[in-house]
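The block underneath contains the structure these notes are about, expressed in structure tokens.
Start at 1 and go down the list; that is how both ligands and their atoms are numbered.
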Amino acid sequence: MCIGCGVCVLATRGSVTLASLPGGAFLPVLDDADDAALERASRVCPFSDDSLDESVLAETLFGGLPEDDFVGRHLTTYAGRVRDHASRLRSSSGGLTTWLVRELLREEQVDAVIHVRPASPPGAMFEYRISTTEMEIDSAKRSHYSAASLRDLVNDLGADGRRFAFIGVPCIVRAMRSVERLEPGIADVRFHVGLVCGHMKSPAYGLALAWQAGISPEKCVSVDFRVKVPGRESSDYDFAARGDRGTSVSVRSADLLGTNWGHAMFQPNACNYCDDVFAETADVVLGDAWLPEYRGDWMGTNVIVTRNAEIDAILRDGRDRGEIELESLDLVSVRESQAGNYRHRRTGLAVRLKDDERAGRPAPRKRVEASYSGVTFVRRQMVRLRREISEYSHVSFQRAVHARDVAVFVSAMKPLLRRYSRLESIDRKGIARWLASELRRLAHRAVGAVHVRG
Ligand SMILES: Cc1cc2nc3c(=O)[nH]c(=O)nc-3n(C[C@H](O)[C@H](O)[C@H](O)COP(=O)(O)OP(=O)(O)OC[C@H]3O[C@@H](n4cnc5c(N)ncnc54)[C@H](O)[C@@H]3O)c2cc1C
């Protein structure tokens, strides 16, 4: 259940370390840690029962704000974007995450930003780094769908009194909040900026996409998950990769196996146990406004939830100066923008927890109860198959690496995906209409065969 954030390494000053597994996933190494260190690690790990959950932390942080079951505490909710086209083009959605942390730096509210930036092999392709200039911040733009660790920053955060803005997906923001409570001197994080999260991906995800596009894992030096393409819907972006001899490829993401987020390929197991989509412990959270009124704009639009009046004032000042555009977005639309995530984190989680309970598998304590209630038979099968697809994607990718053949991965995954799309179709149409359409399809095929033979 390790997401690889490395906050346990920070909390124990390195008594706990993180090992990298094949495929790039992480595993905490506890052998050299004494009981006190183990207890500290347990109190900050976002998937441990000993750490405070999102609701408890949010109560202490934003207790005066109204609470929504899915969005968490909220002050204001917006859709928005930066007005500078060149800057927005290089960002994932509306570009407001980069704009906001640049503003915090420019206004000298912070001295540096802790966030994930592209790095270079032979190490990981994405790492948590500290940016102190606008150029460094700009070089980190876009969504880095790859688990990244804070372990290498263990000596860099609290030493020189710097004030930070921190960017992370929900579980990592929660872990940072926990470690700051445990040991206030560990890092002076003034603002926590969350990214809406559907689920994390293991580092193998980028390699699997690059390989399908023609660049094999050992030659791949960088990947870009979100290249905007004029005229397409904002969700219909390209994937790009660079190889070691300057080769580069760019392919429509939807044409690559693994990019359908509903399939949850390369999802770490920890994400099966997450119930926080809107980074409920962050001062502000930004995501994609996946709504009909914004999808048509290929340049991308952010959905934003603020929980901190200072952040809200910075956003409104930016709007008044004409640098950014903001429209108020009602809470229902904010929820709607993450409808698939809602299914995964509420009904899906309830089913997974119940399955674990029945199978006698350990599971962390969650805010969602283990239950099958109100979940159709077909939906339950989908939740289980999704979990199977996740697990099998890690294994079959490693097999492909050993065989030096991406086809090993693709052909292993296809039968599971066919089963999944059959279930999706039954879920959408209902069993009776699905059976009728299958019978019609088979009848057409039989008539076709008779004609050919005739
Ligand atoms: C794993 C993951 C899953 C996501 N799932 C969803 C989803 O289901 N629905 C949704 O609406 N949005 C999701 N997002 C958020 C979305 O992809 C955009 O990151 C967000 O909309 C911000 O866009 P922007 O244009 O404002 O950011 P940009 O201006 O492109 O800036 C992005 C900033 O975030 C930082 N960053 C990128 N990736 C990471 C990371 N892994 N950890 C820490 N910092 C990072 C960069 O360093 C940069 O500073 C996800 C993001 C990630 C990383």
For Y237, is the NZ or CZ atom of R142 found under 6.0 angstrom from the centre of its six-membered ring and inside 45 degrees of the ring axis?
no

Of the protein's non-hydrogen atoms, which lies at the shortest distance from atom 46 (C) of ligand 1, and what is that distance?
A140 O, 3.2 Å

Under 4.0 Å from any heavy atom of Y128, which atoms of ligand 1 are there?
42 (N), 43 (C)

Should R117 be counted as touching ligand 1, given the test is an N or O pair under 3.5 Å?
no

Ignoring angles and geometry beyond distance, decide whether R90 reaches within less than 3.5 Å of ligand 1 through its nitrogen or oxygen atoms.
no

Would you call the rings of H199 and H344 parallel, tilted or perpendicular, where under 30° means parallel and over 60° means perpendicular?
perpendicular

Numbered in order shown, the ligand 1 atoms found under 4.0 Å of a heavy atom of N341 are 7 (C), 8 (O), 9 (N)

Between F70 and F278, ring centroids under 6.0 Å
yes

Enclosure of R365 CZ (heavy-atom neighbours >12, cutoff 6.0 Å)
no

Which residue holds the protein heavy atom closest to atom 36 (N) of ligand 1, what is that atom called, and what is the gap in Å?
L195 CD1, 3.7 Å

Students should be able to answer this: which protein heavy-atom is nearest to atom 19 (O) of ligand 1, and at what distance?
S143 OG, 3.0 Å

Would T98 count as being in polar contact with ligand 1, using the rule that some N or O on each side must be under 3.5 angstrom apart?
yes

Show the atoms of ligand 1 that are less than 4.0 angstrom away from any heavy atom in N302.
21 (O), 22 (C), 23 (O), 24 (P), 26 (O)

Closest protein heavy atom to atom 38 (N) of ligand 1, given as residue, atom name and distance to 0.1 Å:
H144 N, 3.0 Å

Close-contact set for ligand 1 against M200 heavy atoms, below 4.0 Å
1 (C), 41 (N)

Please write down residue, atom name and distance for the protein heavy atom closest to atom 9 (N) of ligand 1.
Q338 OE1, 2.9 Å

Check whether H394 reaches the backbone of Q267 with its side chain - one donor and one acceptor, N or O, closer than 3.5 Å.
yes

Which atoms from ligand 1 have a heavy atom of T97 less than 4.0 Å away?
22 (C), 23 (O), 24 (P), 26 (O), 27 (O), 31 (O), 33 (C)

Identify the closest protein heavy atom to atom 12 (N) of ligand 1: which residue and atom is it, and at what distance?
D288 OD2, 3.4 Å

Find out whether the Lys NZ or Arg CZ of R117 is both under 6.0 angstrom from the six-membered ring centre of F126 and within 45° of the ring's axis.
no

Output yes when the distance from some N or O of ligand 1 to some N or O of L96 is under 3.5 Å, and no in every other case.
yes

Looking only at protein heavy atoms, what sits closest to atom 35 (C) of ligand 1 is I167 CG2, 4.0 Å

Could you walk me through whether D275 and R346 satisfy the salt bridge (charged side-chain N to carboxylate O under 4.0 Å, His left out) test, starting with their C-alpha distance in whole Å, then the side-chain angles of each, then the deciding distance to 0.1 Å, before giving a yes or no?
CA-CA 7 Å; D275 55 20; R346 292 297 185 270; 5.4 Å; no

Give the ring-plane orientation class for Y205 versus F225, where under 30° counts as parallel, over 60° as perpendicular and anything between as tilted.
parallel

Heavy atoms, side chains only, cut-off 4.5 Å: are T306 and Y78 in contact?
yes

Under 3.5 Å, N or O to N or O, is V196 touching ligand 1 that way?
yes

Does an N or O from G287, backbone or side chain, lie closer than 3.5 Å to an N or O of ligand 1?
yes

When you compare ligand 1 with V116, is there at least one nitrogen or oxygen pair between them that comes in under 3.5 angstrom?
yes

Validate the cation-pi geometry between K219 and W211: distance from NZ or CZ to the six-membered ring centre under 6.0 Å, angle to the ring axis within 45°.
no

Give yes if a backbone or side-chain nitrogen or oxygen of G168 is under 3.5 Å from a nitrogen or oxygen of ligand 1, and no if not.
no

With atoms numbered from 1 as shown, which atoms in ligand 1 lie under 4.0 angstrom from a non-hydrogen atom of R226?
17 (O)

Quick one: does W261 get an N or O within less than 3.5 Å of an N or O on ligand 1?
no

Between S93, G198, S92, which one has a non-hydrogen atom sitting closest to atom 21 (O) of ligand 1?
S93

Among all protein heavy atoms, pick the one closest to atom 32 (C) of ligand 1 and tell me residue, atom and distance.
R142 O, 3.7 Å

